[in-house]
A.B. asks: 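The structure is given below, and queries will be raised subsequently.
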Amino acid sequence: MDRNKLVFANWKMNLDINSSTKLIKEILCRNLNYKNIDVVVAPPFVYLSEINNMLKNSQLRLSSQNVFYNDNGAFTGEISHEMLKDLGCEWVMIGHSERRIHLFETNEMINKKIIFSCKKDFNVIFCIGESYEERQKGKTFDVIKNQLNESLKNIENKYLHKIVIGYEPIWAIGSGSIPDLKDIQETHNFINHHLNEIYPNCDNLPRIVYGGSVDDSNIDSIMSLKNVDGVLVGSASLDCKKFCDIVLSVGK
Ligand code: PGA
């Protein structure tokens, strides 16, 4: 089955209202007119409303960087899916390693968020990845298998096409260099193989994208790999030229 590629921009906790809207304006001015790619931007919560207004009639899609697993109630500081829908979000990012590390998100919480997001009909980018120590100790596949098993628990086949796995080796994020291509390939193959094991005979398995120091200089080599359905981009997504070049490369 042919599936759209994905370019997902994770702005993290960067930019302000002026620089956010300027960046979106610049991207829209480039009039990229791409085909067969989903291009999604995830600004900080507080800029979603303003950016949503700018994206009417555009191909760019909007995501949050997090979401909670309840409709409403006494959950101070959290945001629900219905609130995100009001702001034009069709996507949510779940389980980024920075949230696992700094906010102590567990696979169990991530699983609840994914289940809730599927039921609310959101597209989900669900992040996994090993630390440097785990890779050094040869534990990469065990860690990833565990993240997939625990976080995808009880998720029915019918929702899988709405889920994208974002493989991000933690040690590559923000480092300025990507792992050896052979290592990226091996891990994507492993994820693909494991998804086929958890969901046998399923023809709409989650897409798998790579993240961690992706930029306009390494995008072509990353996209030449098998089982790589796109990229999750952090710092390079804050630069209009780099980001647009990445979109154009993925669309080639
Ligand atoms: P980076 O971030 O592209 O700046 O490495 C990627 C991410 O954390 O999503």
Side-chain angles (χ1 to χ4, degrees), residues 2-12 14-15 20 23-44 47-48 51-52 54-55 57-65 88-98 122-129 161-169 172-174 176 178-179 181 184-185 187-188 191-192 205-252:
D2 272 351
R3 321 193 282 182
N4 274 6
K5 302 276 187 219
L6 172 70
V7 178
F8 190 99
N10 176 14
W11 287 8
K12 310 193 181 188
N14 290 304
L15 305 183
S20 301
L23 177 55
I24 291 292
K25 238 181 249 158
E26 285 170 358
I27 296 172
L28 294 177
C29 275
R30 291 281 302 263
N31 226 339
L32 294 178
N33 199 13
Y34 38 82
K35 283 202 190 83
N36 308 324
I37 326 178
D38 300 322
V39 183
V40 184
V41 186
Y47 305 135
L48 286 170
I51 292 176
N52 181 36
M54 300 174 72
L55 294 188
N57 306 319
S58 114
Q59 288 182 286
L60 271 182
R61 292 287 168 267
L62 204 52
S63 177
S64 68
Q65 299 175 15
C89 285
E90 296 166 341
W91 284 76
V92 286
M93 180 163 52
I94 296 178
H96 192 282
S97 60
E98 287 151 14
F122 271 73
N123 297 291
V124 174
I125 181 156
F126 151 49
C127 303
I128 58 173
H161 69 287
K162 304 279 277 184
I163 298 176
V164 175
I165 311 289
Y167 168 59
E168 299 200 298
I173 296 176
I178 59 169
L181 290 176
I184 299 179
Q185 183 65 82
T187 314
H188 275 248
I191 296 168
N192 180 51
L205 286 175
R207 287 175 280 174
I208 310 168
V209 302
Y210 169 79
S213 294
V214 174
D215 65 22
D216 48 333
S217 69
N218 55 33
I219 185 67
D220 286 337
S221 49
I222 294 169
M223 289 310 298
S224 69
L225 301 174
K226 232 180 108 223
N227 293 321
V228 173
D229 298 302
V231 282
L232 208 179
V233 191
S235 49
S237 72
L238 301 173
D239 178 309
C240 175
K241 183 176 180 319
K242 286 185 185 173
F243 183 64
C244 292
D245 285 352
I246 291 171
V247 172
L248 292 173
S249 292
V250 173
K252 274 201 291 216

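Values in this document were obtained by computation on a predicted structure and should not be read as measured data. Just the heavy atoms: all of them, side chains too, but no hydrogens, waters or symmetry mates, feed the values below.
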A.B. asks: Please determine which of Asn52, Asn14, Ile24, Leu62 meets the side chain to side chain contact (heavy atoms under 4.5 Å, CB included) test together with Pro43.
C.D. replies: Leu62
A.B. asks: How long is the span from the CD atom in Glu168 to the SG atom in Cys127, to the nearest 0.5 Å?
C.D. replies: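 It comes to 5.0 Å.
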A.B. asks: Can you find a pair of side-chain heavy atoms, one from Trp11 and one from Leu238, that are under 4.5 Å apart?
C.D. replies: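 Trp11 reaches Leu238 side chain to side chain.
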A.B. asks: Any idea which heavy atoms bring Ala42 and Ser64 closest together, and the distance?
C.D. replies: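 So the minimum-distance heavy-atom pair works out to CB-O, 4.1 Å.
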A.B. asks: Do Ile128 and Ile191 have side-chain heavy atoms sitting under 4.5 Å apart?
C.D. replies: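 Ile128 vs Ile191: side chains touch.
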A.B. asks: Would you please classify the geometry between the His188 ring and the Tyr210 ring as parallel, tilted or perpendicular, with 30° and 60° separating the classes?
C.D. replies: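 Correct class here is tilted.
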A.B. asks: Determine the sole option in Arg61, Arg207, Arg3 for which the side-chain hydrogen bond (donor to acceptor under 3.5 Å, both in side chains) test with Asp38 is passed.
C.D. replies: Arg207
A.B. asks: Rounded to the nearest 0.5 Å, what separation is found between the CG atom of Leu28 and the CG atom of Leu23?
C.D. replies: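 One gets 9.5 Å once the value is rounded to the nearest 0.5 Å.
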A.B. asks: Can you see which heavy atom on Cys240 is nearest to which on Glu26, and at what distance?
C.D. replies: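 Nearest pair, atom of Cys240 first, then Glu26: CB-OE1, 3.4 Å.
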A.B. asks: Under 3.5 Å, is there a donor-acceptor pair between the side chain of Glu90 and the main chain of Asn123?
C.D. replies: no
A.B. asks: Measure the spacing between OG of Ser221 and CG of Leu181 and express it to the nearest 0.5 Å.
C.D. replies: 5.0 Å
A.B. asks: Can you check whether Leu232 reaches Val214 side chain to side chain, under 4.5 Å on heavy atoms?
C.D. replies: no
A.B. asks: Can you find a pair of side-chain heavy atoms, one from Ile173 and one from Glu98, that are under 4.5 Å apart?
C.D. replies: yes
A.B. asks: Measure the OG-CD1 distance between Ser213 and Ile178 for me, rounded to the nearest 0.5 Å.
C.D. replies: 8.5 Å
A.B. asks: Do Arg30 and Leu248 have side chains that approach each other closer than 4.5 Å (heavy atoms only, starting at C-beta)?
C.D. replies: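 Yes, side chains in contact.
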A.B. asks: If I take atom CD1 from residue Ile125 and atom CG from residue Leu6, how far apart are they, to the nearest 0.5 angstrom?
C.D. replies: 5.5 Å
A.B. asks: Measure the shortest side-chain to side-chain distance between Ile51 and Val41 over non-hydrogen atoms and say whether it is less than 4.5 angstrom.
C.D. replies: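 A side-chain contact under 4.5 Å is absent here.
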A.B. asks: What's the shortest heavy-atom distance between Trp91 and Phe8, and which atoms?
C.D. replies: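 That closest heavy-atom pairing would be CE3-CE1, 4.2 Å.
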A.B. asks: Determine the minimum heavy-atom distance between Tyr47 and Ser20, stating which atoms define it.
C.D. replies: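 Closest approach of Tyr47 to Ser20, heavy atoms only: CD1-OG, 3.4 Å.
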A.B. asks: Identify the two heavy atoms, one from Asp245 and one from Lys241, that lie closest to each other, and give their separation to 0.1 Å.
C.D. replies: OD2-NZ, 2.6 Å
A.B. asks: Do the side chains of Tyr34 and Asn4 get nearer than 4.5 Å, heavy atoms only?
C.D. replies: no
A.B. asks: Could you please spell out the steps behind the side-chain contact (heavy atoms from CB on, under 4.5 Å) verdict for His96 and Lys12?
C.D. replies: CA-CA 10 Å; His96 192 282; Lys12 310 193 181 188; 4.3 Å; yes
A.B. asks: I'd like to check Leu32 versus Cys244 (side-chain heavy atoms, cut-off strictly below 4.5 Å). Are they in contact?
C.D. replies: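 Sidechains of Cys244 and Leu32: in contact.
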A.B. asks: When rounded to the nearest 0.5 angstrom, what distance separates NZ in Lys5 from CD1 in Ile37?
C.D. replies: 9.5 Å
A.B. asks: Please say which of Val228, Asp215, Val209, Val250 ends up in a side chain to side chain contact (heavy atoms under 4.5 Å, CB included) with Ile222.
C.D. replies: Val228
A.B. asks: What's the shortest heavy-atom distance between Tyr167 and Gly129, and which atoms?
C.D. replies: CE1-CA, 4.0 Å
